[in-house]
Amino acid sequence: MRRLVTPVLALGWLFWATAAHAGWDSLGAMPAPERQGDALVFKNAQGIVSVQAVASDIVRVRFSPTTAFGRDHSYAVASRDLGPAEARIEVGAARSSLKTAALDVSIRHDPFRIAVRDAAGHPIDEDDPERGIGFAGTQVKVWKKLSPDQYVYGLGEKNGRLSKRGPHWGGATYVMWTTDAYDYADDTDPLYVSIPFYMVLRQGRAHGVFLDNTHRSVFDVGHESTDRLAFGAEDGELDYYLIYGPEPKRVIDRYTALTGRMPLPPRWSLGFHQCRYSYYPESKVRFIADNFRERRIPADVIWLDIHYLEGYNPFTWDKQRFPDPKQMIADLRGRGFRLVTIVDPHPKQQPGSWVYDSGLKADAFVKNPDGSVHAAPVWPSNAEQDPGPSVFPDFSKPAGRDWWGSLMKFYTDDGVAGIWNDMNEPAVFVDPFHTMDLDVRFDNEGQPSDGRELHNVYGLLNTRASFEGLLKQRPDQRPFVLTRATFAGGQRYAAVWPGDNQADWGALRASLPMLMGLGLSGVSFVGSDIGGFAKAPTAELVTRWMQAGVFYPFMRMHTEVGSPDQEPWSYGTRHEAINRRAIELRYELLPHIYNAMHEASGTGVPALRPLMLEYPEDPRTLQIQDQFLFGADLLVAPVLHQEAAQRSVYLPQGDWYDFWTGRRLSGDTTHRVAVSLESLPIFVRAGAFVFRQPVVQHTGEMPGQPLIVDVYPAASSEARLYEDDGESRDYLKGVSLTRRFVQKRAGGAVSIAVGAAEGAWRPSARELRLRVAWPGPAAPRRVRLGSLPLPAPPGGWAPGPDGFVTVQLSDRFDAFELTIEP
Ligand code: MIG
């Protein structure tokens, strides 16, 4: 867009205020505001603005180019009870301000501009002085200053860089409009998920901005002009929250206090998942299960895609292909497998069928403007026999969600473990937009509206209904839902996979910033299709993808219809062995992974972390996207290039250990590491505790396994380990086990203190195996348990060839201290 500001400026602010730039009106002068609680409310002939301290570190700005605000309603916000604001408010003639313990919000009245500083006076977020808030017809927008030292992250599931300012900082524009993007390239936008949230990091200080508007929205990050960040929506209010850190982790914590957090997933869902479009008939499913067990490749879940259905119609079984699903599922369970089925939100319009008839009766479907039920072609229209259009549940209606939720019984009765919601952008087979007609009518929780407003939350509300339905059917079990589309706050209901990626190296590399961007945006249970969905990967690509996928929070292999076999053993024995080793590593690390996911469920801070999240003060971390941290302590640098013989790895300040060899490496520098096809470079931060177990074939084999704790000494450090039964919801009532692990180095000795168990859960009897990366030049002389010297090797402790000293105890859940002396 051409800048029209400067020449007009010369005419004076009056014109400037009303004709700032092509097609947009900019908010001009506001009279002094009215105070309402912790908010200031401004009104003029152009519109109404409220600036409210929601908490001491969260400010909400609402603007409507009308005379009054609409209903205060949100599908994304989970809680507005975020702590006291205790705002001090001052109203002056030219300026007003709103001060909390953390923030200083200063509002200039004429022209209307907002600037936020932290308590020390650092600028956090400032309206662009020339533009500020604007509107054009129903559109609303705000322009903010963007300075060269501001890094922008987040925006959910996006292609491109981790840092959202685009290549060479030429800027980039991101659209929020959930879209079925089959076979997308590494620059396709938008994709399936819309999360209008970004984080800004400036000289180590972070804040977040969340636009709570479900209409199509656009984020221009330094694109139209390098020094501005603009965002806005096609309709509705400009309703955004500014969330202060200053630590980036704190921003996520507070953003997810507002929009909710991922509930603790069932442990089996953190195992390995095998999927394809599609496994059928039953004998094929059994064959896949047999392969895993006989080849000793661990796995927990097999997935059924749309070919299990009769005519692609959800809530049916094709009885030719699956004559006895209940028996099949029971047999699989007996061998440690769970089954997840796809359930698309588009039942066939089929009078006489129980799903359609009961939906009509519950008045649960999306309507046409004339009040008739809306029908359109999706998968059931492609059925070989008796094809027909589909109807679409209105998930924005509580009764529609309840009805959908009640249908989950169809699956839970057969023993299906989890639900896969696909096609919920919603995708519809009509060109050119490939979605539902936007004039359709939704209930919108009592304030009827159309597709323009509800499109972006269709997936979120679909998963909400699935999640709540599963919970109703199995109140004592954690629901598992996977979704393709969602919106801000969707982390409360479902894990996310970024749809139909390509089986190529670019897509493998792109998966890391995409998944990290989701994590920075509150969605921490994520994983891309391993091997790639569209087309066929090479053996080498599959193996590299499997290695990277060990650290995807959701680890699933999947491929499209008609592609060659894509299982871990499909690429010859050498690749099978390496793929097995990768999946085995996943299972060895499950106690650690589960612990990290538990942390994410409590704070929102994702397990899969960009380096900037832990090292925001280190400028060298700010754009790294080809390596990542898992939790705070594991740094993973998967090999992402074909035929690579080496790769470089940046280790931030501090000491590090090579996970595989125990060799010490210094931080604050870039290392070149030689790699072979077998290599998955992993580094462990000094001070880390890594929680492991021996390889198991599925999570059902975990009870009774030794708990292995690898300790990587630093001057001093601590960690907490969370455990529970992995499946039930008893942990919500305190039936869990948390222990604190502390280590210290002093005078050449290393001491490890394990705290008393908190919580009411205990695992079955097992061994506790502590392995300490012994820093001394020679083997230790003595190991004491409290004051008791343990028998020397081979009795109570043993130095290993790998430099680790191993101490085996029975895990007794009481506090103790171990000292290893030189
Ligand atoms: O139009 O269910 O992204 O994972 O295998 C394709 C068939 C529909 C798209 C999903 C993909 C799934 C496929 N689905």
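Indexing begins at 1, ligand by ligand and atom by atom, following the structure's order.
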- Item | Thr699 and Asp300: CA distance, side-chain angles, deciding distance, side chain to side chain donor-acceptor pair (under 3.5 Å) verdict | CA-CA 7 Å; Thr699 55; Asp300 265 79; 2.6 Å; yes
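For the salt bridge (charged side-chain N to carboxylate O under 4.0 Å, His left out) test with Glu727, the passing option among Arg474, Arg478, Arg338 is Arg338; the others fail.
Within 4.0 Å of ligand 1, heavy atoms belong to protein residues Tyr277, Asp305, Ile306, Ile342, Trp379, Trp420, Asp422, Met423, Arg484, Trp497, Asp500, Phe533, His558.
In this structure, Thr412 has no side-chain hydrogen bond (donor to acceptor under 3.5 Å, both in side chains) partners at least two apart in sequence or on a different chain. Residues satisfying the salt bridge (Lys or Arg N to Asp or Glu O under 4.0 Å) test with Asp439, not counting sequence neighbours, are Arg452. Scanning for side chain to side chain contact (heavy atoms under 4.5 Å, CB included) contacts around Pro513 gives Leu162, Gln625, with sequence neighbours left out.
Residue-environment remark: NZ (Lys535) exceeds the threshold of 12 foreign heavy atoms within 6.0 Å.
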